[in-house]
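Beneath this line is the structure, given in structure tokens, with notes to follow.
The first residue in the sequence is number 1, and the count goes up from there. In each ligand, atom 1 is the first atom listed, and ligand 1 is the first ligand listed.
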Amino acid sequence: MPLSLIARNLMTTQPDLTLYITYKNYSSWSLRAWLLMRALEIPFTEKLLEMTDDGHVPGMVGISPTAKVPCLVDHGMGGLTVWETVAIAEYLDELHPDLGVWPEHVADRATARALVAEMHGGFSALRGECPMNLRRAPAPLAVSDDVRRDVARAEAIFDSCLTSTKSQSDGLFLMGQFSAVDAFYAPLATRLVTYQLSDHPAVAAFMAALESLPAWQEWHAAAMREMAIIAADEVD
Ligand SMILES: N[C@@H](CCC(=O)N[C@@H](CS)C(=O)NCC(=O)O)C(=O)O
């Protein structure tokens with residue numbers, strides 16, 4: 001651990017973190033960072049800002065250089081701002097190397113990082129055509145061939161992770177114990193359910209693992225209570 005972090009941790013038992021997010025029903029990137037922190041029991045202050053109909057979060061102007069969420073601010077590091085969800089995960093791992101942001105074994109860590117990078121840069125058809133919308137009653141949606149290809153790739157990932165015995169220690173999650181890779185794939189799994197895009201048992205197994213997490217239950221319940229409607233994310 002860098003000396004500055006050791007010194008800070010000696011002075012305060014916990015870093016003073018604020019996580020900026022937007023609507024829990026719709027914001028898949030907010031979900032990833034929030035779920036990772038809550039499931040790993042990393043203390044933080046949540047600030048949920050409004051999203052406009054055109055998908056912007058005006059309150060983030062001046063807080064994050066991209067004006068996007070999630071954005072993590074570490075007041076214990078002079079207001080250090082960390083934007084981009086992958087960078088947030090890496091920073092949390094630096095702050096708490098013992099909490100399992102990444103899997104314990106080097107091969108699993110490599111796979112987890114590859115899957116997270118694939119999530120971050122890929123699945124554009126599925127993400128574009130099928131917005132995360134936790135309140136939408138599950139019902140099928142006519143989707144493009146590109147979405148079908150994304151679904152097949154997602155199924156292959158869930159299948160290989162959840163049925164592989166050599167790379168998994170005990171646990172229900174993609175790399176055994178919950179880690180960043182589960183947080184990154186959670187919104188994608190909800191889309192498969194919401195739009196009835198897959199009946200693959202590995203998808204159901206991943207959703208069951210997710211639903212067993214108190215952190216997921218907390219996020220989901222809050223999403224159900226939200227009243228805001230983003231018309232662009234309501235697709236039938
Ligand atoms: N690459 C970013 C994506 C973040 C992102 O697109 N967040 C959306 C909410 S889910 C957002 O803030 N949109 C506001 C905007 O585009 O102005 C990350 O990994 O954090």
Side-chain angles (χ1 to χ4, degrees), residues 17-40 42 44-74 80-95 101-102 112-136 147 150 154 157 174 179-195 210 215-216 218-220 222-224 226-235:
L17 300 174
T18 296
L19 183 70
Y20 290 87
I21 60 171
T22 187
Y23 298 138
K24 291 181 175 171
N25 186 55
Y26 298 111
S27 181
S28 59
W29 290 106
S30 298
L31 167 57
R32 292 179 174 102
W34 187 100
L35 184 64
L36 183 60
M37 296 183 78
R38 189 65 105 224
L40 296 181
I42 298 171
F44 65 99
T45 302
E46 169 188 316
K47 290 216 170 139
L48 191 152
L49 304 181
E50 284 181 21
M51 177 181 266
T52 55
D53 280 345
D54 55 357
H56 296 300
V57 187
M60 287 307 292
V61 174
I63 296 172
S64 160
T66 61
K68 294 187 181 193
V69 289
C71 180
L72 186 70
V73 176
D74 187 344
L80 172 69
T81 299
V82 187
W83 66 101
E84 288 291 327
T85 313
V86 176
I88 292 172
E90 295 292 2
Y91 184 62
L92 295 171
D93 188 48
E94 294 218 40
L95 290 180
V101 170
W102 298 109
R113 283 192 164 103
L115 289 171
V116 162
E118 183 177 351
M119 181 73 251
H120 188 260
F123 297 101
S124 53
L126 181 54
R127 280 153 52 183
E129 288 182 42
C130 306
M132 188 176 93
N133 180 353
L134 300 178
R135 287 197 306 265
R136 183 184 188 271
V147 170
D150 282 351
I157 289 169
L174 294 176
S179 71
V181 69
D182 301 290
F184 273 74
Y185 278 79
L188 183 147
T190 74
R191 290 166 156 111
L192 300 182
V193 173
T194 298
Y195 301 101
L210 194 59
W216 166 258
E218 183 185 341
W219 177 280
H220 188 264
M224 295 302 110
E226 278 179 353
M227 304 295 283
I229 306 270
I230 301 296
D233 287 345
E234 295 288 336
V235 298

Next item on the list: Determine, stepwise, if the pair E226 / L48 fulfils side-chain contact (heavy atoms from CB on, under 4.5 Å).
Entry: CA-CA 11 Å; E226 278 179 353; L48 191 152; 3.7 Å; yes

Note to self: Walk me through whether S28 and R127 qualify under side-chain contact (heavy atoms from CB on, under 4.5 Å).
What the structure shows: CA-CA 9 Å; S28 59; R127 280 153 52 183; 6.0 Å; no

Check: Would you find more than 12 non-hydrogen atoms of other residues, nucleotides or ligands less than 6.0 Å from W83 atom CH2?
Finding: no

Next item on the list: Identify which of M51, E84, M119, M132 has a heavy atom lying nearest to atom 1 (N) of ligand 1.
Entry: E84

Check: Looking only at non-hydrogen atoms, which of V69, T85, D233 approaches atom 8 (C) of ligand 1 most closely?
Finding: V69

Check: Can you find a side-chain donor-acceptor pair between E234 and Y26 that sits under 3.5 Å?
Finding: yes

Check: In ligand 1, which numbered atoms sit nearer than 4.0 Å to a non-hydrogen atom of H56?
Finding: 14 (C), 15 (C), 16 (O), 17 (O)

Check: What residue and heavy atom of the protein are closest to atom 16 (O) of ligand 1, and at what distance?
Finding: K68 CE, 3.4 Å

Margin query: To check your reading of the model: name the closest protein heavy atom to atom 10 (S) of ligand 1, its residue, and the distance in Å.
Written below: S27 OG, 3.1 Å

Checklist line | Distance filter under 4.0 Å to P70 heavy atoms, resulting ligand 1 atoms | finding: 20 (O)

Check: Which is closest to atom 14 (C) of ligand 1 by heavy-atom distance: A87, P58, G55?
Finding: G55

Next item on the list: For the pair R32 (side chain) and F184 (backbone), establish whether a donor and an acceptor sit closer than 3.5 Å, ignoring hydrogens and angles.
Entry: yes

Checklist line | Residues forming a salt bridge (Lys or Arg N to Asp or Glu O under 4.0 Å) with R113, sequence neighbours excluded | finding: E90

Item checked: Residue portion contacting ligand 1 (non-hydrogen atoms closer than 4.0 Å) for H120 -> side chain

